[in-house]
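Here the structure is laid out as C-alpha cells; the discussion comes afterwards.
Protein chains get the first letters and strands the later ones, always in sequence-line order, with residue 1 at the start of each.
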Amino acid sequence: MMELAKNNTRHSKRRDSFALPIGSYLGTLLVLGVLAIAMTPVLWAILSAFKTRSDIFAGDVWPRTWSIENFRDLLAKTLYLRWMFNSLFVAIISTVLGVFFCSLGGYAFAKFEFPGKTVLFWIVIASVSIPAFTTVIPLFGWLARLGLLDTYLVLILPFAANAFGIFLMRQYCIGVPNELLDAGRIDGCGEFRLYWAVVLPLLRPALGTVGILIFIASWNSYIWPLVMMRTDDMLTLPVGVASLKGDQLPEYGMLMAASVLSSLPIILAFLIMQRQFIAGLTQGAVK
Amino acid sequence: MTAAIAHTIHKAGHSRRRLRRALIPYLFLAPFFLTFLAFWLGPIIASFVYSFTDWRGVLQARFIGLANYERIYEDPRFWLALRNTAFYGLVYVTLLNTLALALALAIDSTWLRFRNGIKIGFFLPVTISLVVAAVMFEMIFANGVGLLNITLKALGLPQPDWLGDPKVAIWSIIILRIWRALGYYAVIYFAGLQAIPSDVKEAARLDGCRPWQVTWHMTLPLLKPVILFCIIMSTIWALELFDEAWVLTKGGPADSTLTIVIYLYQAGFQYIELGYAAAVSYVLTFLIVIAAIAQKLLIGREQQ
C-alpha cells in the first residue's frame, strides 16, 4: 500500500515534470528574447562608443578597429569630468542632507503628538501630486534676482526636502518600539541623542531606501539644472551630455561614449545593491 | 516658606522642561520644513498667484486677472500641445501597462527559469537617467546610422526617418519611454502578484480552472488596486513628458512632438514670460488631478 502510494506520487511528479519543460523552455525563451531586445540599445551604445567615425557611418555591427578615440575626445575636448564631479557631488550631499532631514522629521511625525501635526503631514502628502516644474517658475525669478543661479546650493536643497522620503521614514519610524524610547528617556538620554543613538541605527534599511530614492532623483533631474545652471562649468551630467548633441550633425561616437560612461556607475551600483535599488525606486515613485 | 519657594522653583523648572519637550517635534521637523517651504510649498503657492500677473522676472509683476488663462485658451499651439500629449499619453499608458502586466505575470509564473536574472535585466534601463537614455537612442533612431534603419534596410523594409518625420517622431518617443519604464512597472505589478495568497490560485486550479481562467477571473480582479495605481502614476508621467522629447526632437519636427511641458518651458524660459508659464503649469496641474479622479472613479466603480 505504502509502496503503491509512493509509486503514485512519483508517477504524478514525473508526469508534471514531463508537462512542464517544453512549455517552460519555450516561455522562458520568449521572455529571454524580449529581454535581448530590451538590452540591445545599451549594447549598441557600448559598441558604437568604440567605433571610429567611419565605422559608424559604414553601419557595421562590430567595430572594425576598437578605438578609444571617442572617450579620449570626450575627456579632452569637453567638460565631461567636471559635469561628472558636479553630478556626484550634489547627489551625495543631497542624499546625506535629505536622509538626515527626512529621518528626523519622519521620527517627529511618527512618535510625537503636537498641535498641527495632521495638517503639516497632509500638506506634505498633497504636494506630491503637484507637478515639480510648477515650482521652477517662481524659483527661477527669485533665485535670479538673489544672484543664486549657478550655485551648488540650488542643486542640493530642493532634493533634500523629499516628500516621499519623509513619508517613508514616518512609516518606518512607527515600527520603532515605544518601550525602547521610554527606557532611553528614563535613563536621562536627551531627545536628540535618543534619535541619533537609538532610532537612527534601527532605521538602517530605510536609510538605504530613502538614500537611493534621493540620490537617483538628484542624479536624473534634468529640467531643474537645465533652468538654474547658466555656465558650462556648473552643468550636471544629464544637461551636459544633452548639450553635446549640438545643432549640426552629432558626433555619434562621442555621444555614445558619454552615455555609456554616465550610466556605468549607476548600473554597477544597481547590480551590487539590487534589492535596495528596486525598493528605493518603486517605493519612492521617482522617474 | 523655603519649602514653598523650593516648590515654585521646582515647578518653574518643570514647566520649562515641559515647554522644551513640547518644542522638540517642531525642532525636529524644522530642517525639512524650512527647506520644503522655500523650495516646494512656497513656490507652488507663488506660482498660483503669479499666474494672474504679467510677471517677467525683472519688472514688478502686474495683476492682469484671467488674461493668461484666456491667452492659453486662444492659443492654437497650446491645443496642439494638449492633443499631442493626450495622444502620446493614451498610447503610452495602454501599451506600457499591458506589456508590464504581461511581463509580471510571466515573472510570477511557475514555468519561468532564471527568474531573478530576468527581473534584474528588465529593471536595468530604469537606472539609466532619462536624458542619457534619450542620447543613447540617438544611435537607434538616427537616419542612416541608427540600428533600427540598419536592421530595416537589411530586411528590405521601408526605413522611416524616426526623428525627422512629423508622423513618426512621437512614436519614437513612445518606444523610448516604454523601454525605459517597462521594468519599473513590471516590478510593481510583480510585487502586487506576490501579495496575492498562492492558495487562492491553487484552490481555483484544483477546482479545474485553466491557468488563463485563474489569471483572468482571480488574479486580475485581486490586482485591481495595483493596476489603478500604475495607471494613475503612468498617466501623471505621461502628462509631464519633457526630458526625452526635449533631448530628441526639441518638440519638432513641425511641433509634432510638442508637449504641454515643452510649451511651458518655451514660454517660461525662452520667452521669459513667467506669469504666463505659471498659468500653463496650473492648467496642467488641473488636468492631472482630473485624470487621476476620472480613472479612480472609472476603475473604482467597476470594482463594486
Checklist line | Under 4.5 Å from any heavy atom of chain B - which part of A:F57 | finding: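 Contact with chain B: backbone and side chain both.
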Notebook entry, point to check: Where on A:R275 is there a heavy atom nearer than 4.5 Å to chain B: the side chain, the backbone, both, or neither?
Noted result: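 A:R275 has no heavy atom closer than 4.5 Å to chain B.
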For residues [X] and [Y], determine if any side-chain heavy atom of one lies less than 4.5 Å from a side-chain heavy atom of the other.
| X | Y | answer |
| --- | --- | --- |
| A:L255 | B:M136 | no |
| A:V42 | B:I128 | yes |
| B:F28 | A:S103 | no |
| B:F114 | A:V31 | no |
| B:F269 | A:I137 | yes |
| A:P138 | B:L274 | no |
| B:L130 | A:N220 | no |
| A:I223 | B:W246 | no |

Are more than 12 heavy atoms, taken from residues, nucleotides or ligands other than [X], located less than 6.0 Å from that residue's [atom1] atom?
| X | atom1 | result |
| --- | --- | --- |
| A:R230 | CZ | yes |
| A:R53 | CZ | no |
| A:K117 | NZ | yes |
| B:Q270 | CD | yes |

Heavy-atom pairs under 4.5 Å with chain A - which of [options] has more of them than the others?
| options | answer |
| --- | --- |
| B:N116, B:L34, B:L124, B:I150 | B:L124 |
| B:F137, B:F122, B:Y265, B:Y282 | B:F122 |
| B:G121, B:G42, B:G268 | B:G121 |
| B:I107, B:V289, B:V247 | B:V247 |
| B:Y50, B:Y185, B:F36, B:F123 | B:F123 |

Mind checking the [atom1]-[atom2] spacing from [X] to [Y]? Nearest 0.5 Å is all I need.
| X | Y | atom1 | atom2 | value |
| --- | --- | --- | --- | --- |
| A:W44 | B:L147 | CH2 | CG | 5.0 Å |
| A:M169 | B:F32 | CE | CZ | 11.5 Å |
| B:E138 | A:L244 | CD | CG | 11.5 Å |
| A:I130 | B:I288 | CD1 | CD1 | 9.0 Å |
| A:F192 | B:I24 | CZ | CD1 | 11.5 Å |
| A:W219 | B:S129 | CH2 | OG | 8.5 Å |

Between [X] and chain A, with a heavy-atom cut-off of 4.5 Å, which part of the residue counts as in contact: side chain, backbone, both or neither?
| X | result |
| --- | --- |
| B:L112 | both |
| B:I120 | both |
| B:A106 | side chain |
| B:V132 | both |
| B:L248 | backbone |
| B:K119 | side chain |
| B:A133 | neither |
| B:I45 | neither |

Donor-acceptor contact present, side-chain [X] to main-chain [Y], <3.5 Å:
| X | Y | result |
| --- | --- | --- |
| B:W111 | A:G27 | no |
| A:K245 | B:V135 | no |
| B:W40 | A:P158 | yes |
| B:T35 | A:A161 | no |

Only pairs of heavy atoms separated by less than 4.5 Å count here; which of [options] has the most with chain B?
| options | value |
| --- | --- |
| A:F100, A:Y222, A:F112 | A:Y222 |
| A:E113, A:K111, A:R185 | A:R185 |
| A:A132, A:A126, A:P115 | A:P115 |
| A:V136, A:V61, A:L143, A:V260 | A:V136 |
| A:L30, A:L120, A:L271 | A:L120 |

Note to self: Set out, in order, the CA-CA distance, both residues' side-chain angles and the distance that settles side chain to side chain contact (heavy atoms under 4.5 Å, CB included) for B:L27 and A:E191, then state yes or no.
What the structure shows: CA-CA 11 Å; B:L27 288 175; A:E191 287 294 337; over 6 Å; no
Item checked: From CA spacing to verdict: side chain to side chain contact (heavy atoms under 4.5 Å, CB included), A:Y252, B:V145 -> CA-CA 9 Å; A:Y252 288 113; B:V145 302; 3.7 Å; yes
Heavy atoms only: give me the nearest [X]-[Y] pair and the separation to one decimal.
| X | Y | result |
| --- | --- | --- |
| B:A38 | A:L139 | O-CD2, 3.7 Å |
| A:P41 | B:I140 | CA-CD1, 3.9 Å |
| B:W55 | A:G141 | CH2-CA, 3.6 Å |
| A:T134 | B:S47 | O-OG, 3.0 Å |
| A:I266 | B:T127 | CG2-O, 3.3 Å |

Note to self: Working note: A:V124 + B:F33, criterion side chain to side chain contact (heavy atoms under 4.5 Å, CB included); need CA distance, chi angles, decisive distance, verdict.
What the structure shows: CA-CA 9 Å; A:V124 175; B:F33 257 96; 3.5 Å; yes
Next item on the list: Kindly state whether the ring of B:F242 and the ring of A:F133 have centres lying under 6.0 angstrom apart.
Entry: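 No - the distance between ring centres of B:F242 and A:F133 does not fall below the 6.0 Å cut-off.
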Notebook entry, point to check: Which residue, A:Y107, A:F114, A:F109, forms the side chain to side chain contact (heavy atoms under 4.5 Å, CB included) with B:P25?
Noted result: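 Answer to the side chain to side chain contact (heavy atoms under 4.5 Å, CB included) test with B:P25 among A:Y107, A:F114, A:F109: A:F114.
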Item checked: Trace of the side chain to side chain contact (heavy atoms under 4.5 Å, CB included) decision for B:F39 with A:T135 -> CA-CA 7 Å; B:F39 285 94; A:T135 64; over 6 Å; no
